[in-house]
Visitor: 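The structure that follows is given in the form of structure tokens.
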Amino acid sequence: ELDASLDAEKDIDQMIIAFPSDIEKKEHVVILEFKKSLANAVAALEADSAKPESAYSRVEADKIVYYIHKRENEWMTVIDDKRIAIGSEREVKAIAASNKAGKAAKPIKKNAALYKQYQAADKKNDVWGAYILTAKHLKSLKDVVLDGEDGKSFRADEIESGTFSLNLAK
């Protein structure tokens with residue numbers, strides 16, 4: 001919205017969305033990677049956040065600049081010339097700190113079961129993902145029945161983990 005040269009539908013090359021199993025905690029992060037430089041967008045955001053009427057406020061902590069959407073309380077930081085992280089304060093700060101330390105975040109390898117699903121996911125398509133349902137979530141699904149593609153029904157609490165992949169061009 002601040003840089004007319006960026007078109008989200010055309011210019012986003014990759015989007016990574018992460019949220020915890022306990023979604024009620026509202027912790028989440030989205031990393032957007034653009035096909036072109038974000039320099040103009042960042043300059044526009046920097047100028048806009050200096051205005052009292054701006055929807056964004058600028059905060060600097062540990063030599064990292066964050067922009068906070070005042071109404072939504074969504075945090076954002078610039079990772080590099082083509083990537084930004086948007087989300088909850090905790091998760092955006094964690095991505096920024098990892099990036100500042102020069103570390104590529106690889107927390108998925110800490111969870112062997114999730115990493116196995118990640119490796120199995122069909123990453124050639126436009127949208128893909130991997131998931132593991134916790135015991136708490138499986139218990140909450142005990143009365144949910146789903147219809148399968150083959151016409152057979154199955155209980156949702158029988159699905160402990162899996163992957164999904166979508167080709168949006170078809």
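Any value given below was found using the heavy atoms of this structure, including those in side chains, with hydrogens, waters and symmetry copies removed.
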Visitor: Are any of the side-chain heavy atoms of Y56 and I68 separated by less than 4.5 Å?
Guide: no
Visitor: Have a look at V30 and tell me which of E74, M15, M76 forms a side chain to side chain contact (heavy atoms under 4.5 Å, CB included) with it.
Guide: M15
Visitor: Could you check K100 against D62 for side chain to side chain contact (heavy atoms under 4.5 Å, CB included), going step by step and ending with a plain yes or no?
Guide: CA-CA 10 Å; K100 181 180 176 186; D62 297 322; 4.0 Å; yes
Visitor: Taking all atoms of both residues into account, what is the closest heavy-atom pair of Y66 and A96, and its distance?
Guide: OH-CB, 3.6 Å
Visitor: Of all the heavy-atom pairs spanning D48 and A55, show the shortest one and how long it is.
Guide: OD2-N, 4.4 Å
Visitor: Can you tell me which residue among K82, K35, K36 is in a salt bridge (charged side-chain N to carboxylate O under 4.0 Å, His left out) with D11?
Guide: K36
Visitor: Going by heavy atoms in the side chains, are D81 and F34 under 4.5 Å from each other?
Guide: no
Visitor: Can you measure from CH2 (W75) to CZ (R90) and round to the nearest 0.5 angstrom?
Guide: 13.5 Å
Visitor: Do the side chains of I79 and I95 get nearer than 4.5 Å, heavy atoms only?
Guide: yes
Visitor: Is there a side-chain contact between I86 and V29, using heavy atoms and a 4.5 Å cut-off?
Guide: no
Visitor: Under 3.5 Å, is there a donor-acceptor pair between the E46 and Y67 side chains?
Guide: yes
Visitor: With a 6.0 Å cut-off (strictly less than), is the heavy-atom count around CG of D80, excluding the residue itself, greater than 12?
Guide: yes
Visitor: Less than 4.0 angstrom from a charged side-chain N to a carboxylate O is my criterion; do R58 and E60 meet it?
Guide: yes
